[in-house]
Amino acid sequence: MSNNNVHLSLGRKNIHLIGTAHVSKESIEEVSNAIRGLNSGGEKPNEATPSMVCVELDQGRYSAITQQNNWERLNISKVLKEGKGFLLLANIALTSFQRRLGNELGVKPGEEMLAAISAAKELNIPFSLCDREVQLTLRRAWARCGLWSKCKLLAALLSSAFVTEKISAEEINDLKNSNELDGMMQEMANYLPAVKEVLIDERDRYLATKIWEAAETTDGITIAVIGAGHLRGIQTYLEQFSASAASGGGDAVADLAEIESIPPKSFFSKSIKWIIPALILGLLTTGFILADFNEFLEMVWHWIFWNGSLAALGCIIALGHPLAVLVSFAGAPITSLNPFIGVGILSGLVHAVLRKPRVCDAENLSSDVASIKGFYRNRISRVLLVFFLSSLGSSIATFVAGSALVGSIVDIISRLFR
């Protein structure tokens with residue numbers, strides 16, 4: 001048995017874990033043979049067929065890879081209005097990265113999971129989707145990150161979508177090697193510890209719990225098809241559950257309520273959207289009281305110019321509609337002082353109305369975003385670019401203009417006390 005296949009005899013539960021590389025042809029064959037009870041050559045019986053199959057998929061991802069019209073139902077305007085623009089951008093970047101790897105290797109992302117489900121259906125074996133919803137995972141990862149970690153996470157996601165480095169099938173399969181994986185996990189833990197905890201550690205716990213619960217429903221073998229990066233963590237949790245049950249410690253299966261919810265925002269996170277506008281308004285009010293009228297107008301102009309210009313520049317870089325550029329310039333100085341709405345939502349909605357996404361944009365979204373040219377060509381991803389870059393421009397401008405206002409107030413006060 002390879003070190004990516006672990007068979008666990010846990011009391012009356014027999015659980016067989018298969019660690020896969022998500023875009024590996026070998027993994028597809030390995031999974032299919034295991035469920036059919038065949039040896040690696042697929043020729044003669046190896047062991048009994050399972051009575052339960054678990055896969056590392058959630059309902060949303062299962063629908064996404066089985067329903068061809070999944071993207072066609074996307075309402076980009078609704079996404080922006082609900083404040084989910086960054087979440088969708090992250091989701092698309094992840095999908096793009098896996099799809100690009102799959103295209104290079106001739107394998108669709110998640111095809112080994114579909115192979116497991118297909119074999120289970122063919123043999124009338126019940127199957128269970130055991131992963132946490134991807135939207136919940138991404139939202140928890142985003143909520144757990146501080147400002148600097150959020151910037152690093154976005155940079156990592158966007159760079160992964162456009163990276164051009166080729167990866168061979170051999171390198172993909174090497175990623176199932178425990179030493180390789182340990183090094184990758186440690187690197188991720190050092191770079192983004194909160195993200196590693198949400199994407200790996202929490203999901204190890206979640207997957208193990210769901211696999212254990214599925215195994216409770218059968219006296220036969222339960223095969224669980226999971227990414228190789230989760231193999232050791234899930235094994236550890238399953239062994240803990242079994243040891244606790246055997247020692248009379250009761251049901252040690254993890255309570256998933258805490259990791260199935262979005263963590264509440266910290267007091268600082270909830271306050272910052274009010275603190276920054278309050279500081280800016282305080283600086284402008286101080287300038288109005290202490291400075292002469294011309295100096296005050298100059299301070300207001302600096303605020304309008306920097307906010308409007310950088311937001312509009314972001315929209316121009318995204319090749320936004322001219323009216324969206326105008327909305328970015330006019331709206332940024334106001335929305336920067338409003339904690340309820342950002343300029344990216346306004347410019348994105350205007351662009352979406354004037355450059356309404358077509359059916360073909362929805363159909364080709366996941367393939368278009370694999371390249372910068374495609375990202376700009378596709379009208380859905382273009383809306384997200386307008387939203388993101390105009391928001392980024394306004395955020396940078398708030399700090400630049402705020403610093404300029406502080407400098408002006410310091411000059412005024414120093415003159416008054418000479």
Side-chain angles (χ1 to χ4, degrees), residues 60-61 63-100 103 134-135 138-139 142 154 157-158 160-162 307-336 338 340-395 397:
R61 278 187 294 156
S63 299
I65 60 181
T66 56
Q67 298 177 14
Q68 296 300 317
N69 64 342
N70 187 63
W71 287 112
E72 295 176 27
R73 297 192 299 272
L74 176 65
N75 185 330
I76 188 65
S77 296
K78 182 180 178 182
V79 168
L80 294 179
K81 290 176 182 177
E82 292 178 350
K84 297 179 179 178
F86 285 112
L87 185 65
L88 179 60
L89 188 62
N91 202 358
I92 288 175
L94 286 172
T95 301
S96 169
F97 177 67
Q98 282 199 327
R99 182 174 291 272
R100 185 181 59 79
N103 288 339
V134 66
Q135 302 294 342
L138 289 173
R139 290 180 68 185
W142 187 254
L154 278 174
L157 287 170
L158 293 175
S160 70
F162 302 126
N307 259 275
S309 297
L310 292 187
L313 177 61
C315 193
I316 290 170
I317 293 173
L319 300 184
H321 188 278
L323 188 55
V325 175
L326 183 60
V327 167
S328 296
F329 183 86
I334 300 171
T335 57
S336 296
N338 186 333
F340 299 107
I341 189 170
V343 70
I345 296 176
L346 296 179
S347 58
L349 287 173
V350 169
H351 185 89
V353 169
L354 297 173
R355 292 284 187 269
K356 189 173 181 179
R358 304 155 296 188
V359 173
C360 64
D361 294 309
E363 292 173 342
N364 300 326
L365 178 60
S366 55
S367 57
D368 282 345
V369 296
S371 67
I372 295 178
K373 182 179 180 180
F375 218 108
Y376 274 89
R377 179 177 62 243
N378 190 288
R379 291 191 176 187
I380 293 176
S381 54
R382 179 83 70 81
V383 170
L384 290 175
L385 274 180
V386 169
F387 158 77
F388 174 69
L389 293 179
S390 57
S391 297
L392 180 62
S394 180
S395 297

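- Counting heavy atoms from C-beta outward, His351 and Arg382 have side chains that approach closer than 4.5 Å.
- Heavy atoms only, all atoms of each residue included: Pro333 and Ala330 are closest at CD-O, 3.6 Å.
- Not counting sequence neighbours, the partners of Ser347 by the side chain to side chain donor-acceptor pair (under 3.5 Å) test are Ser390.
- Residues meeting the side-chain contact (heavy atoms from CB on, under 4.5 Å) test with Ser395, sequence neighbours left out: none.
- Residues that satisfy the side-chain contact (heavy atoms from CB on, under 4.5 Å) test with Leu310, not counting sequence neighbours, are Trp306, Leu313, Ile396, Ala397.
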Side-chain donor-acceptor contacts of residues 316-326 below 3.5 Å, not counting sequence neighbours, with atom names and distances?
{"from": "His321", "atom 1": "ND1", "to": "Leu323", "atom 2": "N", "distance (Å)": "3.0"}

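- Separation of atoms CG (Leu385) and OH (Tyr376) is listed at 5.5 Å; rounding is to 0.5 Å.
- With sequence neighbours left out, Thr335 forms a side-chain contact (heavy atoms from CB on, under 4.5 Å) with Ile341, Val343, Leu346.
- For the residue pair Leu389 and Gly314, the shortest heavy atom distance occurs at CB-O, 3.3 Å.
- When all heavy atoms of Phe387 and Ile345 are compared, the pair lying nearest together is CD1-N, 3.8 Å.
- Ser381 places a side-chain N or O within 3.5 Å of a backbone atom of Asn378 that can act as its donor or acceptor partner.
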